[in-house]
Amino acid sequence: MKLVLTIVNNDDSAIVSSALTKEGFFVTKLSTTGGFLMVGNTTLLIGTEDDRIGEIKSILSKHCATRKKISPTSDSLGRGLLNEGIAEEVVVGGATFFILNVEDFGKI
Ligand code: 2BA
């Protein structure tokens, strides 16, 4: 048995969680914060049999693809309607995963 620990963008968390549960995976969702950007993200804990790891990776690839987004820069703060043109392209999405061996698993 394995524990997959995966960190995903908040915007992707609902769709990826429901895709996982639809395929019969048990998922726990934690609200987390990235230490570098200090922005909220979502960590999913998924306990599963070893032979289903590939399915989880495919679901993550399908629903957490990286994409570009236009985002206001900090220079635009407080400029209100004078804000035009102060935006930059940032990459969002993606999933970081860790796969851990589970020594014991049970429910009481
Ligand atoms: P990603 O590498 O896609 O990481 C997204 C989030 O996944 C991270 O948020 C963090 O919460 C988690 N994460 C990634 N790798 C991890 C690891 N080895 N251990 C634990 N958690 C991990 P943030 O920390 O806010 O980072 C956001 C983005 O900033 C990262 O995107 C990466 O592109 C960049 N970054 C993070 N740490 C960096 C560093 N020390 N130097 C340069 N760039 C960094």
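From a predicted model like this one, the values you see are computed outputs, not experimental measurements. Order of appearance sets the numbers: ligands from 1, and atoms from 1 within every ligand.
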- Message: Tell me which residues fall inside the under-4.0 Å heavy-atom shell around ligand 1.
- Response: I7, G34, G35, F36, L37, N41, T96, F98
- Pick out which of T33, T96, T32 makes a side chain to side chain donor-acceptor pair (under 3.5 Å) with T43. T32
- Query: Does L20 reach the side chain of L44, with side-chain heavy atoms less than 4.5 Å apart?
  - Reply: yes
- Check the surroundings of atom CZ in F97: do more than 12 heavy atoms from other residues, nucleotides or ligands lie under 6.0 Å from it? no
- Roughly how far, to the nearest 0.5 Å, is the CD atom of E103 from the CG atom of L3? 13.0 Å
- Under 6.0 Å from the six-membered ring centre of F26 and within 45° of its axis: does the NZ or CZ of K107 meet both? yes
- Task: Identify, with sequence neighbours excluded, every residue that meets salt bridge (charged side-chain N to carboxylate O under 4.0 Å, His left out) alongside E55.
- Result: R52
